[in-house]
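Take a look at the structure set out below.
Model, not experiment: these values are computed from the prediction.
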Amino acid sequence: DTAVSQTPKYLVTQMGNDKSIKCEQNLGHDTMYWYKQDSKKFLKIMFSYNNKELIINETVPNRFSPKSPDKAHLNLHINSLELGDSAVYFCASSHPSGSVDTQYFGPGTRLTVL
Amino acid sequence: QKEVEQDPGPLSVPEGAIVSLNCTYSNSAFQYFMWYRQYSRKGPELLMYTYSSGNKEDGRFTAQVDKSSKYISLFIRDSQPSDSATYLCAMSASNFGNEKLTFGTGTRLTIIP
């Protein structure tokens, strides 16, 4: 049983395209997150949602737009992709709300922008 | 200066050795300290969690926090090849209110059989 799942696992696309990454968790958690991990393995939070409400929005270009249709899903849409967007994007979830000690990460989506 | 500093390695040690992994931080508000293990091409998984200063032991793993020095450590005893992974420290000022985690850059560890 997959706890936090992401699709697609790999995404290769051209500069300027628009793409989406989907995330689903079946843990019943209230809070979901998007993280970006660069080529040097540095993991940085981008967004967090609690019960479909945006809670954390780090200084991320507004080309990135998260959408939470329900508590179990948090999708990430990226417009006008740039070379610097190439990274691994991880979705995570936690419970109780915003608890830092119980974050479960998905397997990641490896995005390559050509 | 980054809020959390971690030597990226790589670090290679023979099987059975004791491994010491460390992070330093600058934000004195941090109170919650975690170690995550990340295998290649996988998501990070929580390994150890410590609140404030002190030690915590779980099997072969020991986490230490020294808040006065702003220094945290993870020790792995009797290291095994399966311990080969990237280890990321993470910390937070609070466990509530949707506080964010700040991560170190990770140390890549290889245990040589």
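- For B/K42, the NZ atom counts as loosely surrounded, since its 6.0 Å shell holds 12 or fewer non-hydrogen atoms of other residues, nucleotides or ligands.
- The OG atom of A/S48 sits 10.5 Å away from atom CG of B/L101, with the distance rounded to the nearest 0.5 Å.
- Looking at A/Y10, the atoms closer than 4.5 Å to chain B (heavy atoms on both sides) all sit in the side chain, from C-beta outward.
- Of the listed residues (B/K2, B/E45, B/R41), the one with the most heavy-atom contacts under 4.5 Å to chain A is B/R41.
- Between B/K100 and A/I45, the shortest heavy-atom distance links the atoms CD-CG2, 4.0 Å.
- Under the 4.5 Å side-chain heavy-atom criterion for grouping Ile, Leu, Val, Met, Phe, Trp and Tyr, B/L74 is connected to B/V13 within one hydrophobic cluster.
- Using a 4.5 Å heavy-atom cut-off against chain A, the contacting residues of residues 102-110 of chain B are B/F103, B/G104, B/T105.
- Note on B/I72 and B/L46: separate hydrophobic clusters, where clusters join Ile, Leu, Val, Met, Phe, Trp and Tyr whose side-chain heavy atoms are under 4.5 Å apart, directly or indirectly.
- Heavy atoms of other residues, nucleotides or ligands lying less than 6.0 angstrom from CG of A/N62 number 12 at most.
- Connection of B/F30 to B/Y36 is not established within any shared hydrophobic cluster, with ILVMFWY side chains joined at heavy-atom distances below 4.5 Å, either directly or through further cluster members.
- Among residues two or more places apart in sequence or in another chain, the ring-ring contact (aromatic ring centres under 6.0 Å, His included) test is passed with A/F90 by none.
- Of the two parts of A/K41, the backbone and the side chain both hold a non-hydrogen atom closer than 4.5 Å to a non-hydrogen atom of chain B.
- Heavy atoms of other residues, nucleotides or ligands lying less than 6.0 angstrom from NZ of A/K22 number 12 at most.
- Contacts of B/P44 with chain A are made by both backbone and side-chain atoms, with heavy-atom separations under 4.5 Å.
- With hydrophobic clusters built from ILVMFWY side chains whose heavy atoms lie under 4.5 angstrom apart, A/V88 does not share a cluster with A/F42.
- Of the two parts of A/Q6, neither the backbone nor the side chain holds a non-hydrogen atom closer than 4.5 Å to a non-hydrogen atom of chain B.
- Of the two parts of A/Y104, neither the backbone nor the side chain holds a non-hydrogen atom closer than 4.5 Å to a non-hydrogen atom of chain B.
- B/V4 and A/L43 end up in different hydrophobic clusters when Ile, Leu, Val, Met, Phe, Trp and Tyr side chains are linked at under 4.5 Å.
- With a threshold of 4.5 angstrom between heavy atoms, B/Q38 approaches chain A through side-chain atoms but not through N, CA, C or O.
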